[in-house]
Amino acid sequence: MKGPPGATGPTPPSPGRGSSRRAFSELPPSSEPKAAREPSSPTNPDDKPVSTSSGKPFYTPPPQRGPTPTPPPPATRPTNPASIPPPPMPSSGLGRSTPLPPSPAGFSRGVTPPPPSTTPRSWAPSTQKRNTSHPSSQGSQAPRAISTIPPPPTSPPPPSFAHSTSRPPAPPRAQTLLSARPTVDPGLVTPAARVLDELVALETNERLLIVHDRQNEDVARAFEQVAQERRARVERIDVEALAPRPWGRCPQEVLAAVPGADVTLFAATYEEGEYDARHSFVMAATANRARHVHIVGTSRRAFVNSMLASSTRVFDLIAALRNAMKPHSKLQVRSQAGTSLEVEMAPNLRWFANGSMIRSGQWLNVPYGALVTSPGQVTGTYVVDASMGGGYGSRLGSLSSRPIRLTFEGGRVQRVECRDATVKAYVEKFINEAMGHDRVGLLSLGANIGIAAPLGELIHDENMPGLHLSLGENFASRTGALWTSHGQLAFAAADTDVDLDGEPLIRHGRYVRMV
């Protein structure tokens with residue numbers, strides 16, 4: 001509507017710092033509606049002209065309506081088209097569909113906003129809700145509530161307003177990626193680190209080749225993580241994905257990956273008929289001057305339990321045992337289970353350590369920790385009450401309830417006794433299937449002092465303090481034996497007493513000397 005007589009036109013209030021008008025209009029300052037003027041004197045509830053200090057009357061906007069306003073009678077509504085505000089401007093993406101009229105009360109917290117043309121709106125949502133009514137619906141329906149909460153921004157807020165957002169921060173992308181990665185068994189990390197640090201001394205940028213089956217994937221992943229922490233280059237191959245078991249021969253893809261590897265690791269369960277496949281991999285690794293770690297038929301429990309003792313202590317004990325041996329030394333072995341055995345050495349035979357720092361072109365069984373040789377003569381009875389090798393022996397587990405009694409004469413097996421007929425037949429079949437399978441090929445003194453009791457797994461039990469032996473293969477190149485054989489069946493006994501040249505060495509599975 002027009003002003004009263006004598007008015008020279010509306011004078012919009014300045015949006016400066018001292019002003020109390022709300023700067024929420026979507027219009028530029030030059031095109032604001034004429035009805036949106038700030039009063040400079042107290043408002044008049046009757047909407048009548050009021051004189052200002054300059055004598056220029058003007059109309060004040062109606063006060064802010066409550067949550068449930070009642071529209072006034074149509075007769076009191078302004079009818080001048082000039083007083084009707086223009087149509088709503090398009091939304092700018094900040095959640096406002098219509099421009100709001102200025103409020104005489106100012107900001108609810110007494111803060112004067114900056115000019116709308118230069119400063120972006122705050123990202124913090126308002127705690128008040130404003131009710132307005134569209135001009136076309138006056139007198140016909142209730143006012144429509146306009147939300148003051150802006151939609152999610154399409155771009156990050158300015159740095160100066162980043163702290164004012166009320167939305168919780170999104171989780172870092174790295175957490176989502178880490179949760180998708182396969183987990184590593186934390187109990188296997190420490191023994192794997194001891195193998196790579198104390199046995200092979202893996203260095204930065206060296207290449208580690210890990211070959212494993214599905215059952216030993218957790219062990220392989222533990223070695224992979226430890227090697228990556230040492231900044232080594234790691235290649236891991238699941239052999240069962242290349243060829244079904246049993247492996248009659250080592251797959252060519254595996255053998256082709258050996259050249260160029262500084263350290264190799266083979267971790268798999270024991271299966272009958274895979275001796276040639278494992279042997280060819282070991283030969284390929286040593287021929288390429290790699291440092292090879294062999295983990296076959298070892299469960300998680302056996303692997304962790306065998307790595308409890310410090311490698312330095314085990315190495316020192318093995319070295320002390322080797323220094324104590326003489327060319328014609330004799331060993332006497334006894335046990336409460338019935339073992340009574342005498343072993344004689346020969347000058348041409350050599351002891352070697354199954355437990356030392358692995359150098360280029362060498363390999364080591366893990367679990368480890370024994371002094372090994374091929375004996376000259378073995379006479380007496382040996383009772384196997386801990387475990388037996390081979391695929392069948394790994395399925396049997398502990399032999400404490402069905403011990404095997406082997407009787408020797410001149411280093412050869414004369415008789416096999418066992419209350420379990422199946423076990424007896426298995427041992428007799430091995431003895432008769434090839435030349436040299438009836439002879440004691442290897443003799444070992446377990447020196448891993450971290451192993452306190454047998455677990456029923458040969459690869460673990462044969463490193464327990466005591467005397468253990470195997471039939472068949474004698475590694476003539478290392479022991480100096482004058483005969484050889486292909487194939488091996490090993491046995492381990494529990495709680496044996498061992499005398500070296502008439503002096504106590506081991507009592508009930510514990511060393512009483514050199515420890």
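Here, residue 1 is the first one in the sequence, and each next residue gets the next number.
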Inset, instruction - Say whether, by atom type as modelled, one donor and one acceptor occur between the side chain of E503 and the main chain of L500 under 3.5 angstrom. - result: no
Inset, instruction - Would you indicate whether the side-chain heavy atoms of I210 and I237 approach each other to under 4.5 Å? - result: no
Legend entry - Side-chain (R233) to main-chain (N205) donor-acceptor, under 3.5 angstrom: yes
Inset, instruction - For residues L208 and E235, determine if any side-chain heavy atom of one lies less than 4.5 Å from a side-chain heavy atom of the other. - result: no
Inset, instruction - For D461 and A492, indicate whether the former's side chain and the latter's backbone hold a donor-acceptor pair under 3.5 Å. - result: no
Inset, instruction - Give, for atom CZ of R194 and atom OG of S310, the distance between the pair rounded to the nearest 0.5 Å. - result: 5.5 Å
Inset, instruction - Output, in order, the C-alpha distance, side-chain angles, deciding distance and verdict of side chain to side chain donor-acceptor pair (under 3.5 Å) for D213 and T269. - result: CA-CA 7 Å; D213 60 358; T269 55; 3.0 Å; yes
Legend entry - Side-chain (T381) to main-chain (T339) donor-acceptor, under 3.5 angstrom: no
Legend entry - pair D438-R412: side-chain heavy atoms closer than 4.5 Å: yes
Inset, instruction - Measure the shortest side-chain to side-chain distance between V413 and F430 over non-hydrogen atoms and say whether it is less than 4.5 angstrom. - result: no
Inset, instruction - Apply the test side chain to side chain contact (heavy atoms under 4.5 Å, CB included) to residues V293 and L199: give CA-CA distance (whole Å), side-chain angles for both, the deciding distance (0.1 Å), then the verdict. - result: CA-CA 9 Å; V293 178; L199 296 183; 5.5 Å; no
Legend entry - Heavy-atom closest pair, residues A494 and D385: N-OD1, 2.9 Å
Legend entry - Between S306 and H460: side-chain donor-acceptor atoms closer than 3.5 Å: no
Legend entry - Heavy-atom donor-acceptor pair, E409 side chain to G411 backbone, under 3.5 Å: no
Inset, instruction - Let me see the working for E457 and T298 under side chain to side chain donor-acceptor pair (under 3.5 Å), right down to the final yes or no. - result: CA-CA 7 Å; E457 299 180 35; T298 305; 5.6 Å; no
Legend entry - Salt-bridge criterion met for E433 and K429 (N-O under 4.0 Å): no
Inset, instruction - State whether the number of non-hydrogen atoms from other residues, nucleotides or ligands found under 6.0 Å of M357 atom CE is greater than 12. - result: yes
Inset, instruction - I would like to know whether T422 and Y392 meet side chain to side chain contact (heavy atoms under 4.5 Å, CB included); could you show each step before the answer? - result: CA-CA 10 Å; T422 305; Y392 181 67; 3.1 Å; yes
Inset, instruction - Give the ring-plane orientation class for H486 versus Y275, where under 30° counts as parallel, over 60° as perpendicular and anything between as tilted. - result: perpendicular
Inset, instruction - Taking all non-hydrogen atoms of both residues into account, name the closest pair between G355 and Y368 and its distance. - result: CA-CD1, 3.6 Å
Legend entry - For the student: nearest non-hydrogen atoms of I404 and V423, plus distance: CD1-CG1, 3.5 Å
Inset, instruction - Please name the pair of heavy atoms, one in A261 and one in L209, separated by the smallest distance, quoted to 0.1 Å. - result: CB-CB, 4.1 Å
Inset, instruction - Check the pair F266, R278 against side chain to side chain contact (heavy atoms under 4.5 Å, CB included), reporting the backbone distance first and the verdict last. - result: CA-CA 8 Å; F266 190 94; R278 296 192 302 267; 3.9 Å; yes
Legend entry - Backbone of V282 reached by a side-chain donor or acceptor of T286 within 3.5 Å: yes
Inset, instruction - Please answer whether the main-chain N or O of R334 pairs with a side-chain N or O of S340 as donor and acceptor at a distance below 3.5 Å. - result: no
Legend entry - Point-to-point distance, once rounded to the nearest 0.5 Å, from CD of E473 to CG of L489: 13.0 Å
Inset, instruction - Look at D197 together with R230 and state whether they make a salt bridge at an N to O cut-off of under 4.0 Å. - result: yes
Inset, instruction - Measure the OG-CZ distance between S477 and R350 for me, rounded to the nearest 0.5 Å. - result: 8.0 Å
Inset, instruction - For E271 and P246, indicate whether the former's side chain and the latter's backbone hold a donor-acceptor pair under 3.5 Å. - result: no
Inset, instruction - State plainly whether the residues D499 and R507 are in salt-bridge range, i.e. N to O under 4.0 Å. - result: yes
Legend entry - Over-ring placement of R291 relative to W363, 6.0 Å and 45° cut-offs: no
Inset, instruction - Could you check D218 against R300 for salt bridge (charged side-chain N to carboxylate O under 4.0 Å, His left out), going step by step and ending with a plain yes or no? - result: CA-CA 9 Å; D218 290 343; R300 179 192 184 279; over 6 Å; no
Legend entry - Reported CG-to-CD distance for the pair N216 and E240, which is rounded to 0.5 angstrom: 9.5 Å
Inset, instruction - Evaluate the criterion side chain to side chain contact (heavy atoms under 4.5 Å, CB included) for residue pair E342 and Q377; output intermediate values, then yes/no. - result: CA-CA 8 Å; E342 291 187 1; Q377 292 293 331; over 6 Å; no
Legend entry - Check: N305 and L455 side chains under 4.5 Å, non-hydrogen atoms: yes
Legend entry - Side-chain touch L341/V378, heavy atoms, less than 4.5 angstrom: yes
Legend entry - N/O donor-acceptor pair under 3.5 Å between N463 side chain and G369 backbone: yes
Legend entry - Exercise: do E462 and S444 side chains pair donor with acceptor under 3.5 Å: no
Legend entry - R249 atom CZ, over 12 foreign heavy atoms within 6.0 Å: no
Inset, instruction - Check G450 against L308 and note the closest heavy-atom contact, atom names and distance. - result: O-CD1, 4.2 Å
Legend entry - Enclosure of Q215 CD (heavy-atom neighbours >12, cutoff 6.0 Å): no
Legend entry - Carboxylate-amine/guanidinium proximity below 4.0 Å for R207 and D262: no
Legend entry - Close side-chain approach of H212 and F223, heavy atoms under 4.5 Å: no
Inset, instruction - Rounded to the nearest 0.5 Å, what's the gap from CG on L443 to CG on L371? Could you check? - result: 9.5 Å
Inset, instruction - Locate the shortest heavy-atom distance separating A353 from R322; write the atom from each residue and the value. - result: N-NH2, 3.2 Å
Inset, instruction - Before accepting this row, confirm whether a basic side-chain N of the pair R245/E274 lies closer than 4.0 Å to the acidic partner's carboxylate O. - result: yes
Inset, instruction - Check whether any side-chain N or O of R419 sits under 3.5 Å from a backbone N or O of P403 as a donor-acceptor pair, and report yes or no. - result: no
Inset, instruction - Could you tell me whether E417 and R415 make a salt bridge, using a distance below 4.0 angstrom between a side-chain N and a carboxylate O? - result: yes
Inset, instruction - Could you check if a side-chain atom of F281 sits within less than 4.5 angstrom of a side-chain atom of T264, using non-hydrogen atoms only? - result: yes
Inset, instruction - Calculate, to the nearest 0.5 Å, the distance between atoms CD and CZ belonging to E206 and R231 respectively. - result: 15.0 Å
